[in-house]
Protein chains: 2
Amino acid sequence: MSIEDSEGPAPPSTNIAETIFRDLRGLILRGELTSGERLPGERELAAKYGTNRNTLREAVRKLEQQRLVTVRHGQGVTVTDFRKTGTVELLPPFLESSPDFAEVAHIIEDMLPARLQVIEFATRRAIRRADKTDIERLTDITELLITAFQRGDPALIGRGFQRWLDALIDAAHSVAIRWVANPYLEAYRHLIDRFPTLWVLEPTFPKHLEDLLEAFANNDEERAIEVTRQYYELVDGKLMQALASAVSQAGKEKSVDEPPASSKRLSVTREG
Amino acid sequence: MSIEDSEGPAPPSTNIAETIFRDLRGLILRGELTSGERLPGERELAAKYGTNRNTLREAVRKLEQQRLVTVRHGQGVTVTDFRKTGTVELLPPFLESSPDFAEVAHIIEDMLPARLQVIEFATRRAIRRADKTDIERLTDITELLITAFQRGDPALIGRGFQRWLDALIDAAHSVAIRWVANPYLEAYRHLIDRFPTLWVLEPTFPKHLEDLLEAFANNDEERAIEVTRQYYELVDGKLMQALASAVSQAGKEKSVDEPPASSKRLSVTREG
DNA sequence: GTTGACAACTGGTTGAACCAATATTAAATT
DNA sequence: AATTTAATATTGGTTCAACCAGTTGTCAAC
C-alpha cells in the first residue's frame, strides 16, 4: 500500500444539474440571494440556465436537501437562512464562496475545538476497542506519514493524515462515531485540496504520532488524550493566528473594491 | 408565546418521490439491500413503483445525496455501506428501520456522549456570549418548561426542551456550533415524535434548569458545565439502562420469528 | 364590504424520445 | 486458441411537451 495511490480531487463533474446546483449554492452562500428571497420559477430558471425543467429541478432538489432553500408546491422556492439551518457539510462550499473572510475565520475558530472533541472521543473509544489489525494499520500509516514528513510534501502528508484519521475512527468500532466524524473528515478533505499550504505542520508531528501509538500499545487512554490535546492545541492555535493575520490583511484590502453585494440581482443568465 | 404552538410532526408528505425514497431507504437500512448490491435500472424500478422515470430518479437522487447509493453513468446504481459513509442525519430513519435493536442501542450509547460534548461546548460559548435577549429567552422557556413539568406531559416537555436547546445554541452566537448541533437537534426532534415515552424525566429537571440559569447570571462557565454534565450523565445513564433491558428483552423474542433477511429480494413491487 | 368563481401563477407528474457512458457480446484478427 | 476489435445492448443523463395540483390574486356577484 502506498500513500500516493488515493484518487486526487474529484473530477470537475460534467454534470449539468450539479453545475447549476453549485452556481445557485454559490449565490446563496455569497449572500447574493438572501434568506427569504424567492427564486424565479422553475420554467424561468431553466430558461436562464439554458436547460430544461427536469434538469433544473434536480439542481433545486439538491439545494433543498442541503436546506439552502425551501420548496413549497404552489408557492415557489424561497432561500433559507443557512446560518441557522445548515450543517458542517456546508463548511467547504461556504469557505470557497463567502466574501466575508472574517466570518469564515470565526467559523473555523469555533469549528476547531468541536473537531478536537470528536477526535478525542474517537481516540478514547479506539484505545479501548482497537484490535490487532487496527493497530497494525495505524502503525503502517504512521510510518508512511513520518517518511512523507521527512520528505516535506505538505499535500502528501495531508492525504496521509486523512487516512490516519480514517483508520483511527475505524479503530473505534463505532457507527455513531463514524457518523459524527464523517462531516469533519469530508470538510478536511476539501480543505486540503483547496488550501494545502494553510495547514500547519509542526516539527513535533512525528513525535505526536509515535506517542499516540505508544499509548495504544499501553492501552493508556489518558495519555493518548493528553498527547492529542497537546498537539492539536498547538496546531490549531497557530492556525488561528494565521487566520487572524489573514483577516486583518483582508480588512485592509476590503475598503478598496468590495461591491456592496446588492441582494436583488440574480446574475445567472448564461452569457450567450 | 406558548409552548404548544409548534407545528406537530410533519405532514405525511403526499409526495410520490419522497414515498419511494423512504421505501428504498428502508430497504437499505433494514439490510434487505446490502452494500455493493445493484438496484434495478431506473426504467424497471419506475415500472415497479408504478411511476415514471423522472419521478423515480428524484427518489434515487435523494438516496444518492444521503450517500445510501452511488450512481454512475452507464453502470447503474449500487448500494453504499451506510455504516461507513453515513452521518448523524441517518440516525432517525435508521432507528425506525433497523430490525437489529441491539445495534440501535449500541449506536445510541455512543451517540449520547457525543451529544453531551456538543451541549457542553455550546453551553461554554453561550455563557461567554449570551446577551440580555438570549438570557430572557432562556428564562422564559425555563419557566414554561417547569410549568409543563409540574403538569407532567412528557411530549410537551420534549417540545419545550427542543426550544430550550435551540435558544441555548442561539445564545452561543456561533454559526459553527449551530451547524454542529443541528443534526443532533433534528435527530432529537424525530425521536421525541416517535418514542415520546422513552425519554427520561428526572425530578431534578427543574432544578437543573434553574441552576443553569443561575450560572448564566453569574457568568460561571465551570458551574454551568458541572451542572450540565451532572444532569445528562444521570439521564443518559438511565436511558442506557432502559436500552439495555430492552435489548435483552428483544433478544428473547428474537429467536422466534426473525426471518434471516435474505439479501437478494427487492420486494418493492406495488401490490396491485 | 364580503363572498365566491375564475384566472394566473407556482411546483408535481407524466411519457416518450434521444444522448452519452459503460458493459457485454460477437466477430475479426493474430 | 487467445487476443483484439467492432457492434450491440444496457445503464444513467437530458430534453421536450403536456397536463395535474396546490396557492395566490383578481374581479364580478351578492
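Proteins get letters first, then strands, A, B, ... in listed order; numbering begins at 1 in each.
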Checklist entry - Applying salt bridge (Lys or Arg N to Asp or Glu O under 4.0 Å), which residue pairs with at least one partner in residues 72-81 of chain B are found, sequence neighbours left out? => result none

Protein-nucleotides 4-10 of chain C N/O pairs under 3.5 Å:
none

Checklist entry - Taking atom C1' of C:dT14 as reference, at what distance in whole Å does atom CD1 of B:I16 sit? => result 9 Å

Item to check | Those residues that, when tested against A:F82, pass ring pair (Phe, Tyr, Trp, His ring centres under 6.0 Å) (two or more places apart) | outcome: A:F94

Checklist outcome for this item: Its 5'-most and 3'-most nucleotides having an atom under 4.0 Å from a non-hydrogen atom of chain B, DNA chain D is contacted over D:dT11 to D:dT15

Checklist entry - Which parts of residues 60-68 of chain B get close to DNA chain D, meaning a heavy atom less than 4.0 angstrom away? => result B:R61

Checklist entry - Toward the 5' end of DNA chain D, which comes first, A:T51 or B:V71, by nearest nucleotide? => result B:V71

Next on the checklist: List the residues meeting side chain to side chain contact (heavy atoms under 4.5 Å, CB included) with B:R43, not counting sequence neighbours, and say none if there are none.
Outcome noted: B:R53

Checklist outcome for this item: Hits for side chain to side chain contact (heavy atoms under 4.5 Å, CB included) against B:T142, two or more places apart or cross-chain, chain-then-number order -> B:I146, B:W164, B:L209, B:L213

Next on the checklist: Less than 4.0 angstrom between a side-chain N/O of B:T55 and OP1 or OP2 of C:dT14, yes or no?
Outcome noted: yes

Checklist outcome for this item: Sorted by chain and residue number, the side chain to side chain donor-acceptor pair (under 3.5 Å) partners of A:E58 (sequence neighbours excluded) come out as B:R57, B:R61

Next on the checklist: Regarding A:R115 and A:D110, does a basic nitrogen lie under 4.0 Å from an acidic carboxylate oxygen?
Outcome noted: no

Item to check | With sequence neighbours excluded, residues passing side chain to side chain contact (heavy atoms under 4.5 Å, CB included) with A:A105 | outcome: A:L243, A:V247

Checklist entry - For B:Q66, what residues pass the side chain to side chain donor-acceptor pair (under 3.5 Å) criterion, not counting sequence neighbours? => result none

Checklist entry - Rounded to the Å, how far apart are B:I20 CD1 and C:dG12 P? => result 14 Å

Item to check | Atom-to-atom span, CG of B:N54 to P of C:dG15 - whole angstrom | outcome: 10 Å

Next on the checklist: Applying salt bridge (charged side-chain N to carboxylate O under 4.0 Å, His left out) to B:K62 and A:E64, what does each step give before you reach the verdict?
Outcome noted: CA-CA 10 Å; B:K62 290 198 179 191; A:E64 187 189 22; 5.2 Å; no

Next on the checklist: Considering only residues two or more places apart or on different chains, which pairs with a residue in residues 54-75 of chain A satisfy ring pair (Phe, Tyr, Trp, His ring centres under 6.0 Å)?
Outcome noted: none

Checklist outcome for this item: So ring pair (Phe, Tyr, Trp, His ring centres under 6.0 Å) across residues 15-47 of chain A, not counting sequence neighbours, yields none

Checklist entry - Within this structure, what is the CD-to-P distance between B:E58 and C:dT14, rounded to whole angstrom? => result 11 Å

